[in-house]
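One structure, pasted below without further comment.
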Amino acid sequence: MRQDIESILYDAECIHDRVLQVGTRITRDYQDKDLLLVGVLKGSFVFLADLARSIDLPVEVDFMVVSSYGSGTESSGVLTIAKDLSVPVEGRHVLIVEDIVDSGLTLSLLAEDLRSRGAASVQVAVLLEKDVPRSHQVECAYSAFHCPDAFLVGYGLDYAERYRNLPYIGILKPEVYEDRAQCPDARQSGR
Ligand code: PRP
């Protein structure tokens with residue numbers, strides 16, 4: 001797979017160190033709180049696995065599968081929930097764990113949805129915040145990296161469902177997605 005990667009942006013050691021720092025902050029901030037980590041599948045699965053193990057608290061972990069659509073320039077959008085939480089969030093401190101925030105649409109809608117269910121608090125921990133103008137405002141309380149606007153894969157991030165298992169975050173060579181753009185099952189997420 002390495003031959004498809006233009007360059008490595010964050011190597012495994014760098015990611016490990018940052019995730020540990022974020023986990024330490026979360027441990028400090030959520031002392032004596034009932035914390036529920038909500039992983040947004042699929043992209044967050046690697047980050048969540050490492051982050052959860054760097055938090056020294058008795059957290060509960062659950063997952064959602066969501067997708068969003070809406071105009072990049074309008075303030076509204078629609079959240080589709082393909083897999084919901086298996087526990088109620090009312091009165092609980094929820095920390096959404098995401099791999100990447102791009103337009104901000106998905107996270108803004110998801111946070112709003114969980115707040116409307118009566119969560120005591122809803123915060124966001126994100127692996128990558130893309131340095132692009134955001135059409136939907138999202139407050140990321142915890143953010144491991146601010147990254148450039150490039151097509152990133154690895155450590156959970158995919159292109160056409162591949163590369164999620166790379167232990168680092170790299171920039172995909174343009175010829176990989178340009179070649180496969182003709183292929184009907186190749187999903188271009190815009191990353
Ligand atoms: C990615 C990512 C976020 C969303 C971010 O999900 O995991 O959920 O896009 O984009 P936004 O800020 O513009 O809303 P994707 O649909 O690629 O699914 P995946 O997690 O299964 O890879």
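When a residue number appears, it is its place in the shown sequence, counting from 1. Remember, it's 1-based here, ligands and their atoms both numbered in the order they're listed.
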*Which bit of T106 is near ligand 1, meaning a heavy atom under 4.0 Å away: side chain, backbone, both or neither?*
both
*Closest heavy-atom contact between V46 and G156?*
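Minimum heavy-atom separation between V46 and G156: CG2-N, 3.7 Å.
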_Exercise: identify the closest heavy-atom pair between V101 and C140_ =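 What the structure gives for the nearest pair is CG1-SG, 4.2 Å.
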*asked:* Less than 3.5 Å apart, any donor N or O on the side chain of Y155 or D50 sitting next to an acceptor on the other?
replied: yes
_Quick check on E139: does its CD atom have over 12 non-hydrogen neighbours (other residues, nucleotides or ligands) under 6.0 Å away?_
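Not buried by this count: 12 neighbours or fewer within 6.0 Å.
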*Purely on distance, is any nitrogen or oxygen of G104 under 3.5 Å from one on ligand 1?*
yes
_Surrounding CG of D17 (heavy atoms of other residues, nucleotides or ligands, distance under 6.0 Å), is the total greater than 12?_
yes
*Under a heavy-atom criterion of less than 4.0 Å, does V40 contact ligand 1?*
no
*Hey, is ligand 1 close enough to G43 that some N/O pair sits below 3.5 Å?*
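Yes: some nitrogen or oxygen of G43 is under 3.5 Å from one in ligand 1.
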*Using a strict cut-off of 4.0 Å, indicate which atoms of ligand 1 neighbour a heavy atom of D102.*
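Answer, ordered by atom number: 10 (O), 11 (P), 12 (O), 13 (O).
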_For ligand 1, the portion of L107 having any non-hydrogen atom under 4.0 Å away_ = neither
*Which ligand 1 atoms, with their elements, are less than 4.0 angstrom from a heavy-atom of D99?*
2 (C), 7 (O)
*asked:* Within the 3.5 Å criterion, strictly below it, is a donor on D62 or S86 matched to an acceptor on the partner's side chain?
replied: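 There is such a pair (donor and acceptor under 3.5 Å, judged by atom type) between the side chains of D62 and S86.
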_Pick from R164, K130, K42: the one approaching atom 22 (O) of ligand 1 most closely through a non-hydrogen atom_ =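 Residue with the shortest heavy-atom distance to the ligand atom: R164.
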*Salt-bridge contact D84-R117 (side-chain N to carboxylate O under 4.0 Å)*: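 Salt bridge present between D84 and R117.
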*Which atoms from ligand 1 have a heavy atom of D158 less than 4.0 Å away?*
22 (O)
*Could you see which bit of E98 sits under 4.0 Å from ligand 1, with heavy atoms only: side chain, backbone, both or neither?*
side chain
